[in-house]
Participant: 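Sharing a structure here in structure tokens format.
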Amino acid sequence: MNLTFQNPGFAHSVDSILLFLTEGEAPYWSDSIFYFYPQVDKGRLLSLDSAGKKAYLTEVLGRVYEELQPQWLQKLEDCNRHFQAHRPQIEDALSEAFALDTRPLFNDLRAAITLNPICPRFLKERYFDVFHLNSHRGALGIALHEIIHYLWFHVWNGIYHDSYDQYERPSMKWILSEMVVESIMRDERLSTINPYFPRENGGCVYDYFQTMVVGGAPILDTLDRLYRQHDIKTFMEVSYRYCLDREPAIRSHIRQAESAF
């Protein structure tokens, strides 16, 4: 298993941001752009069609990107060096978590340093974005979260043979995959190199999962208990069934949480 941090260029950053500025997108996903880049006029941007949005972001954020370039070369070097330094323990921990040898798997993963505050991942293309404001330690924390997704769905797909298209937001399979990251990350070989772990440090899953209570208990705690009771394949089955049985409550919490940034 290997990961390379890269700079994919400015156009990639714009295209990545535009993924979260589609019509009807919840503020939780769309409004971070206006928080981190106050020079972007929200009213003007949202009044434009897709081509206009792209042109406007290219104009406004182009200057931001150019100013950051002198820093990014060093950031890429630091991120790649930091990952390689911890690669053996990451492979050991995840091999144990997923009951398989991770070393020959996913040796072509890429992490794209971008202007996008949100870090989308692309399972089939084997790359994900990392916000440039992360340090090399923070970038590794983000990378650990995403690597867990790649392995989770690799194992999941081997069991269920379903479509990778079902693994994206807002499906319940996506929701479950986002929540279980915390339990897997509890391994000291992972948690000690993730500055976003535990929850008190911001958490390694979306904040609205950290506040979600289902059946009178925090859902992350319930899933963690199930994780510790079962092997990984059985855990996938029982945790997914648990979520499906409580889907209305889970989705209601998410809708409310995503109504604001």
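When reading the values below, keep in mind they use all heavy atoms of this one structure, side chains included, and skip hydrogens, waters and symmetry mates.
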Participant: Please confirm whether the backbone N or O of Glu91 pairs with a side-chain atom of Thr102, one donor and one acceptor, at under 3.5 Å?
Facilitator: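 Indeed, once roles are kept as given, a pair shorter than 3.5 Å links the two residues.
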
Participant: Taking all non-hydrogen atoms of both residues into account, name the closest pair between Ile90 and Leu190 and its distance.
Facilitator: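 Shortest heavy-atom contact: CA-CD2, 4.1 Å.
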
Participant: Would you indicate whether the side-chain heavy atoms of Phe98 and Ile148 approach each other to under 4.5 Å?
Facilitator: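 The answer is yes; the side chains approach within 4.5 Å.
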
Participant: Please list, chain by chain and in numerical order, all residues satisfying ring-ring contact (aromatic ring centres under 6.0 Å, His included) with Tyr227, sequence neighbours excluded.
Facilitator: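 Partners of Tyr227 under the ring-ring contact (aromatic ring centres under 6.0 Å, His included) test: Phe235.
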
Participant: Could you measure the distance from the CZ atom of Phe34 to the CG atom of Asp41? Nearest 0.5 Å is fine.
Facilitator: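 These two atoms lie 8.5 Å from each other.
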
Participant: With a 4.5 Å limit on heavy-atom distance, are the side chains of Leu109 and Glu146 in contact?
Facilitator: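 No; the side chains remain at least 4.5 Å from each other.
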
Participant: Identify the two heavy atoms, one from Phe128 and one from Val130, that lie closest to each other, and give their separation to 0.1 Å.
Facilitator: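 Closest approach of Phe128 to Val130: CE1-CG2, 3.7 Å.
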
Participant: Between Lys75 (side chain) and Asn134 (backbone), is there a donor-acceptor pair under 3.5 Å?
Facilitator: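 Answer holds: yes.
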
Participant: Drop me the distance from Lys173's NZ to Ser163's OG, to the nearest 0.5 angstrom.
Facilitator: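 Taking NZ in Lys173 and OG in Ser163, the distance rounds to 8.5 Å.
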
Participant: For Phe153, which residues count as a ring-ring contact (aromatic ring centres under 6.0 Å, His included) partner, sequence neighbours excluded?
Facilitator: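 By the ring-ring contact (aromatic ring centres under 6.0 Å, His included) rule, Phe153 matches Tyr167.
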
Participant: Kindly write out the residues that satisfy salt bridge (Lys or Arg N to Asp or Glu O under 4.0 Å) with Asp224, not counting sequence neighbours, or none if the list is empty.
Facilitator: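 Listed in chain order: Arg186, Arg228.
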
Participant: Considering only heavy atoms from C-beta outward, does the side chain of Leu19 approach that of Asp15 to under 4.5 Å?
Facilitator: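 No. Closest side-chain heavy atoms not under 4.5 Å.
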
Participant: State, with a plain yes or no, whether a side-chain heavy atom of Leu244 is found less than 4.5 Å away from one of Arg241.
Facilitator: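 No - every pair of side-chain heavy atoms lies 4.5 Å or more apart.
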
Participant: Linking I/L/V/M/F/W/Y whenever their side-chain heavy atoms sit closer than 4.5 Å, directly or via other members, would Val213 and Leu223 fall into one cluster?
Facilitator: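 No, Val213 and Leu223 fall in different hydrophobic clusters.
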
Participant: Closer than 3.5 angstrom, by distance alone: can the side chain of Ser95 be matched with the main-chain N or O of Asp101 as a donor-acceptor pair?
Facilitator: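 Such a contact is absent between Ser95 side chain and Asp101 backbone.
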
Participant: Please answer whether the main-chain N or O of Glu25 pairs with a side-chain N or O of Thr22 as donor and acceptor at a distance below 3.5 Å.
Facilitator: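 Side chain of Thr22 to backbone of Glu25, a donor-acceptor pair under 3.5 Å: no, none is there.
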
Participant: Under the 3.5 angstrom rule, does the side chain of Asp162 hit a backbone N or O of Asn157 as a donor-acceptor pair?
Facilitator: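 Judged by distance alone, no pair lies under 3.5 Å.
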
Participant: May I ask you to say whether Asp165 pairs ionically with Lys124, meaning some side-chain N is under 4.0 Å from a carboxylate O?
Facilitator: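 Yes, this pair counts.
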
Participant: Taking side chain as C-beta onward, heavy atoms only, is Lys54 less than 4.5 Å from Thr58?
Facilitator: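 A side-chain contact exists here, since the closest heavy-atom pair is under 4.5 Å.
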
Participant: On the 0 to 90° scale, with breaks at 30° and 60°, tag the His145-His149 ring pair as parallel, tilted or perpendicular.
Facilitator: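 Because their plane-to-plane angle is over 60°, the rings of His145 and His149 count as perpendicular.
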
Participant: With a 4.5 Å limit on heavy-atom distance, are the side chains of Leu21 and Leu57 in contact?
Facilitator: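 Yes, their side chains come closer than 4.5 Å.
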
Participant: Looking at residues at least two apart in the chain, or sitting in another chain, which of them share a ring-ring contact (aromatic ring centres under 6.0 Å, His included) with Phe20?
Facilitator: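 For Phe20 there are no ring-ring contact (aromatic ring centres under 6.0 Å, His included) partners, ignoring immediate neighbours.
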
Participant: Is Gln166 reaching over with its side chain to a backbone N or O of Ser171, donor-acceptor style, under 3.5 angstrom?
Facilitator: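 No, Gln166 side chain to Ser171 backbone: no donor-acceptor pair under 3.5 Å.
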
Participant: Could you check if a side-chain atom of Val214 sits within less than 4.5 angstrom of a side-chain atom of Tyr242, using non-hydrogen atoms only?
Facilitator: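 With C-beta onward as the side chain, the pair touches.
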
Participant: Starting from the C-alpha separation in whole Å, work towards a yes-or-no answer on side chain to side chain contact (heavy atoms under 4.5 Å, CB included) for Leu123 and Glu168.
Facilitator: CA-CA 9 Å; Leu123 290 170; Glu168 302 300 340; 3.6 Å; yes

Participant: If you look at every heavy atom in Val155 and Leu100, which pair is closest and at what distance?
Facilitator: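 Looking at all heavy atoms of both residues, the shortest contact is CG2-CD2, 3.6 Å.
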
Participant: Under the criterion side chain to side chain contact (heavy atoms under 4.5 Å, CB included), I'd like the reasoning laid out for Leu140 against Ile193: C-alpha separation, chi angles, the key distance, then a yes or no.
Facilitator: CA-CA 8 Å; Leu140 181 60; Ile193 57 174; 3.9 Å; yes

Participant: What is the distance from atom CD of Gln89 to atom CG of Asp187, rounded to the nearest 0.5 Å?
Facilitator: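 It is 9.0 Å, given to the nearest 0.5 Å.
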
Participant: Between Leu73 and Phe131, is there shared hydrophobic-cluster membership here, with clusters defined by ILVMFWY side-chain heavy atoms closer than 4.5 Å?
Facilitator: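 Looking at the clustering, Phe131 is in a separate group from Leu73.
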
Participant: Where is the tightest heavy-atom contact between Pro195 and Asn201, given as atom of each residue plus distance?
Facilitator: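 Heavy-atom minimum between the residues: O-CB, 3.4 Å.
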
Participant: Before giving the answer on salt bridge (Lys or Arg N to Asp or Glu O under 4.0 Å), spell out for Glu96 and Arg189 the whole-Å C-alpha distance, their side-chain angles and the decisive distance to 0.1 Å.
Facilitator: CA-CA 11 Å; Glu96 184 176 318; Arg189 292 167 291 188; 3.0 Å; yes

Participant: If a pair satisfies ring pair (Phe, Tyr, Trp, His ring centres under 6.0 Å) and one of its residues is in residues 62-90, list it, with sequence neighbours excluded.
Facilitator: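 As it turns out, the ring pair (Phe, Tyr, Trp, His ring centres under 6.0 Å) pairs with a partner in residues 62-90, which skip direct neighbours, are Phe10-Tyr65, Tyr65-Trp72, Trp72-His132, His82-His86, His82-His136.
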
Participant: Is the shortest heavy-atom distance from the side chain of Ile254 to the side chain of Met212 under 4.5 Å?
Facilitator: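 Side chain of Ile254 against side chain of Met212, heavy atoms only: contact under 4.5 Å found.
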
Participant: Whether the side chain of Tyr56 engages the backbone of Ala51 through a donor-acceptor N/O pair (distance < 3.5 Å, no angle test) should be reported.
Facilitator: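 No, Tyr56 side chain to Ala51 backbone: no donor-acceptor pair under 3.5 Å.
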
Participant: Does the Asp129 side chain pair with the main chain of Thr114, one donor and one acceptor, at a distance under 3.5 Å?
Facilitator: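 Judged by distance alone, no pair lies under 3.5 Å.
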
Participant: Output, in order, the C-alpha distance, side-chain angles, deciding distance and verdict of side chain to side chain contact (heavy atoms under 4.5 Å, CB included) for Ile33 and Leu61.
Facilitator: CA-CA 11 Å; Ile33 180 67; Leu61 297 182; 4.3 Å; yes

Participant: Quick test of your reading: applying side-chain hydrogen bond (donor to acceptor under 3.5 Å, both in side chains), list the pairs with at least one residue in residues 244-261, sequence neighbours left out, ordered by first then second residue.
Facilitator: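 Every side-chain hydrogen bond (donor to acceptor under 3.5 Å, both in side chains) pair that includes a residue of residues 244-261, provided the two are not neighbours, is Trp29-Glu258, Tyr208-Glu258, Thr211-His253, Glu247-Arg251.
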
Participant: Are there over 12 heavy-atom neighbours, none belonging to Arg137, within less than 6.0 Å of that residue's CZ?
Facilitator: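 Atom CZ in Arg137 is not crowded, with 12 or fewer foreign heavy atoms closer than 6.0 Å.
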
Participant: What are the two closest heavy atoms between Asn194 and Cys204, and how far apart are they?
Facilitator: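 That closest heavy-atom pairing would be ND2-CB, 3.8 Å.
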
Participant: Under a 3.5 Å cutoff, is there a donor and acceptor pairing between the side chains of Asn7 and His12?
Facilitator: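 Absent: no donor and acceptor within the cut-off.
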
Participant: Between CG of Leu226 and OG of Ser239, what distance do you get to the nearest 0.5 Å?
Facilitator: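 Atom-to-atom, Leu226:CG and Ser239:OG are 7.0 Å apart.
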
Participant: Given Val181 and Leu144, is the side chain to side chain contact (heavy atoms under 4.5 Å, CB included) satisfied, shown in steps?
Facilitator: CA-CA 9 Å; Val181 167; Leu144 291 172; over 6 Å; no

Participant: What distance do Thr222 atom OG1 and Met179 atom CE have between them, rounded to the nearest 0.5 Å?
Facilitator: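 The OG1 atom of Thr222 sits 10.0 Å away from the CE atom of Met179.
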
Participant: Drop me the distance from Leu220's CG to Ser183's OG, to the nearest 0.5 angstrom.
Facilitator: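 Those atoms lie 7.5 Å apart.
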
Participant: Show the nearest heavy-atom pair for residues Phe5 and Asn80, with the distance to one decimal.
Facilitator: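 Heavy-atom minimum between the residues: N-OD1, 2.7 Å.
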
Participant: Indicate yes or no for a side-chain donor-acceptor contact from Arg121 to the backbone of Ile147 under 3.5 Å, with no hydrogens or angles considered.
Facilitator: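 Looks like no, no N/O pair under 3.5 Å.
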
Participant: For Gln74, does the CD atom sit with more than 12 other heavy atoms under 6.0 Å from it, leaving out its own atoms?
Facilitator: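 Above 12, so yes.
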
Participant: Is it true that a side-chain atom of Thr234 and a backbone atom of His230 form a donor plus acceptor pair closer than 3.5 Å?
Facilitator: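 No, the answer is negative, given that no donor and acceptor are paired below the 3.5 Å cut-off.
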
Participant: Considering only NZ, NE, NH1 and NH2 on the basic side and carboxylate oxygens on the acidic side, decide whether Glu182 and Arg199 come within less than 4.0 Å.
Facilitator: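 Between Arg199 and Glu182 there is a salt bridge, with a charged N closer than 4.0 Å to a carboxylate O.
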
Participant: For this output row, return yes or no: ring centroids of Tyr28 and Phe261 closer than 6.0 angstrom.
Facilitator: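 Not close enough - the centres of the two rings lie 6.0 Å or further apart.
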
